[in-house]
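Below: the structure, in structure tokens.
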Number of protein chains: 2
Amino acid sequence: MAAHTHPSGRRSTIYSVAQACGVSSSTVSRAFTRPDLVRDDVRERILSTAAAMGYRPNRSARATATGRTAMLGLVVPDITNPFMPPLVRAVQRAAADIGCSVTLMDAEESAGAETQLIGQLHGQVDGLILASPRASSRALAEAIDELPCVLVNRVVKELPSVVCDNSGALAHLGDRLAGHGHRTFALLSGPSASWAAKQRARAIRAWANRKEDAGVSLVELGPFDASYDGGRRAGAALLDTAATAAFAFDDVMACGVLAELDARDVQVPMQRSVVGCDDVLLARMVTPSLTTVAAPMAALGDTAITLLHHRIANPGIAAETVTLSGTPVVRDSTAPPAPPAP
Amino acid sequence: MAAHTHPSGRRSTIYSVAQACGVSSSTVSRAFTRPDLVRDDVRERILSTAAAMGYRPNRSARATATGRTAMLGLVVPDITNPFMPPLVRAVQRAAADIGCSVTLMDAEESAGAETQLIGQLHGQVDGLILASPRASSRALAEAIDELPCVLVNRVVKELPSVVCDNSGALAHLGDRLAGHGHRTFALLSGPSASWAAKQRARAIRAWANRKEDAGVSLVELGPFDASYDGGRRAGAALLDTAATAAFAFDDVMACGVLAELDARDVQVPMQRSVVGCDDVLLARMVTPSLTTVAAPMAALGDTAITLLHHRIANPGIAAETVTLSGTPVVRDSTAPPAPPAP
DNA sequence: CTGAAAGCGCTAACAA
DNA sequence: TTGTTAGCGCTTTCAG
């Protein structure tokens, strides 16, 4: 198949198409951007000869003219975290629905890089989605500076956001475990700087408090790194307590816990139950598979894009934060506690 | 901190900066793009007042003027595959080094989406990196149509590419296993359409052939899906053979194998050894941790970008394909075979 | 070393 | 419904 270049060797433009069709360039432009404004037969002629000539609208030119790039920025703290890829996919899909593509920026776990990347995105995208950013509120606000944006899984004053509330699901799982007979629970908390870690810890504490009368007690361990190695350490710490069931900050940490317990020959779920959070792919793959709470990825992405889109269209609108709920997923890492040793 | 907008409310441009500095717009332009062409003191004055005014070059305008967007497209077949995030990161980092950002496109495992996305990227990026694309060579060539591009982990005639050759590492691991006393090996092959699957299968076959004299025999199973579930099936199939060691297509499949064997109470590595491929994060996290071959991610990304950069600068240059090597990583999923049953 | 001016490809009033 | 005419913000000859 021949390359779709103008005979002259240059890419075809609305002008070359216009000439070939015997219409003006504006008509060609309209045929693409406001099809309703051009007579049917003309439009079709334009569209087909444009296709034949391999014409592709030049996004940059369009962007300079309109002031809109039709691109959204998505900055993630760590693309390597299994939570992110599904989010990226969800955001991308939703963005496509509103005619936008997304440029992904990975901060490689550095808060500094985050703000720098945001800066870089200015004038390159119409809006920003920040997935659980690590930068301080101040730094964030400064970097964002006027650019429409929405946060995912973090709330910052004055900024719109969509967050996932896991307290219901966590309580449900807690109840279930208590029903199984567990009484002493461990909270393996995540990084103290993490918004999500705070939320989850709070949710679990609240649940445990409510259950105090039922004999439930909670021992708090950590903070631990939200990583496999952090999980190994958390697992070791867990064994120093009387807890028979543990809430890990997230699935990755839970995997570490599983590994550490296995290494010390303590059986899961027979001797200890462990629950993760997020339901990343990994949760299904480890042995035993993880009981966890699934984040509503698609909805998270959709909502973020909807909010952002709205915000781009109506600058200066008030910042709202919408809350979605996680749902409990019971797998093989939870069970009744072992009967007291003989 | 005040928003960095011109008093008039509009974003500042080279013109507003020029005016503020009492120079012409071209000088401001040069101060940013060809600093060497403007006198030191002038340049510094410009740069600092530009900063003070919060000026940011408008990428789109620059792009229309120069014909270069300083953006690269990266299309992946499935961002959810744990192999991809590190690649994305590596590519992005390398791209940043040459002043480009990258827009990520996830084909969600559809070959059709792949070519469509490539089409969408035309006129939006200066070049393309296609990570193990699934689309046919023909479809690919047609969609690419003149856009500079390099493939990763796949070779297609006439197209430059960077690939990872695992044959050396695989042979090394095979030798090691044979040294342990294993004699019957299984090849759990990946999707027949996958270029990588073909390469790996070929490498293992070649190794086994070479070792025939040493009593090594190879049983080929599959093809299986390159997924956890595919791995479960592969694990089941494995147990129907006399093989004591298995090469899985990749780490994800290997995880499935591990799970299936565990479910059937066969111990790894005591009763079976299994080796994966790629060394994704997962490989370290499962129990037992996977012996595998590590892909040189950073080098893969670097090389891809270098090749692409080169190609963008010199259109019409001949397509070269550079080969990098994977390195063996021994972990806990391999060991000597169990002594024959009593 | 700096300025003037043309132009990149497209859109958006405004007329016709 | 279509064409004319200005720009959008930046780069880039070409003069000076």
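All heavy atoms count here, side chains included; hydrogens, waters and symmetry mates do not.
Salt-bridge annotation for A:Arg89 and B:Asp78: present, with a side-chain N of the basic residue lying under 4.0 Å from a carboxylate O of the acidic one. Using a 4.0 Å cut-off between charged side-chain N and carboxylate O, A:Glu146 and B:Arg11 make no salt bridge.
Comparing atom distances between the B:Thr66 side chain and each of D:dG9, C:dG9, D:dT11 picks out D:dT11 as nearest. Among the nucleotides D:dT12, C:dC10, C:dA12, the one closest to the side chain of B:Ser29 is D:dT12. Comparing D:dG3, D:dC8, D:dC10 by their nearest atom to the side chain of B:Ala65 picks out D:dC10. Across C:dG3, D:dG3, D:dC8, the shortest atom-to-atom separation from the side chain of B:Thr27 is found for C:dG3.
Nucleic acid contact class of A:Val23 (heavy atoms, under 4.0 Å, all strands): sugar-phosphate only. Among the protein residues, B:Val42 comes within range of the sugar-phosphate backbone only, with heavy atoms under 4.0 Å from sugar or phosphate atoms but none that close to a base. Using a 4.0 Å heavy-atom cutoff across all strands shown, B:Thr33 reaches sugar-phosphate atoms only and no base atom. At a threshold of 4.0 angstrom between heavy atoms, the contacts of B:Phe32 with the nucleic acid are absent.
Taking 3.5 Å as the limit, the base of D:dG9 and the side chain of B:Ser25 contain no donor-acceptor pair of atoms between them.
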Mind listing the N/O atom pairs, protein and nucleotides 13-16 of chain C, below 3.5 Å?
unit_1: C:dA13; atom_1: N6; unit_2: A:Arg30; atom_2: NH2; d: 3.2

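Atom CZ of B:Arg62 is separated from atom C1' of C:dC10 by 20 Å (rounded to the nearest Å). Residue A:Arg43 contributes atom CZ, which lies 12 Å from atom C1' of D:dT1 at whole-angstrom precision. In this structure, CD1 of B:Ile14 is placed 5 Å from P of D:dC10, rounded to the nearest angstrom. Spacing between atom CG of B:Asp36 and atom P of C:dC1 amounts to 9 Å, rounded to whole angstrom units. Rounded to whole angstrom, the span from the CD atom of A:Gln124 across to the P atom of D:dC10 amounts to 14 Å. D:dC8 atom C1' lies 17 Å from atom CZ of A:Arg59, rounded to whole Å. Note: CD (B:Gln19) to P (C:dA4) measures 13 Å, nearest angstrom. Protein atom CZ of A:Arg68 is 16 Å distant from nucleotide atom C1' of D:dG9, rounded to whole Å.
Look at B:Tyr55 and you'll find a side-chain N or O under 4.0 angstrom from OP1 or OP2 of D:dC10. Residue A:Ser24 has a polar side-chain atom (N or O) positioned under 4.0 Å from OP1 or OP2 of D:dG3. Look at B:Arg39 and you won't find any side-chain N or O under 4.0 angstrom from OP1 or OP2 of C:dC1.
Side-chain atoms of A:Glu114 do not come within 3.5 Å of backbone N or O of A:Ser110 as any donor-acceptor pair.
If you look at B:Phe32 and B:Tyr55, their ring centroids are closer than 6.0 Å.
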Inset, instruction - With side-chain contact (heavy atoms from CB on, under 4.5 Å) as the test, would you mind laying out the steps for B:Val125 and B:Leu72 before giving the verdict? - result: CA-CA 5 Å; B:Val125 300; B:Leu72 269 20; 5.5 Å; no

Inset, instruction - Could you please spell out the steps behind the side-chain contact (heavy atoms from CB on, under 4.5 Å) verdict for A:Leu87 and A:Gln92? - result: CA-CA 8 Å; A:Leu87 209 231; A:Gln92 210 161 242; over 6 Å; no

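Projected onto DNA chain C by closest heavy-atom contact, B:Ala63 and B:Gly22 fall at different nucleotides, the more 5' of which corresponds to B:Gly22.
Screening A:Ser137, A:Ser161, A:Ser194 against A:Arg154 for a side-chain contact (heavy atoms from CB on, under 4.5 Å) leaves a single residue, A:Ser137. For the side-chain contact (heavy atoms from CB on, under 4.5 Å) test with A:Pro148, the passing option among A:Ile312, A:Ile317, A:Leu128 is A:Ile312; the others fail.
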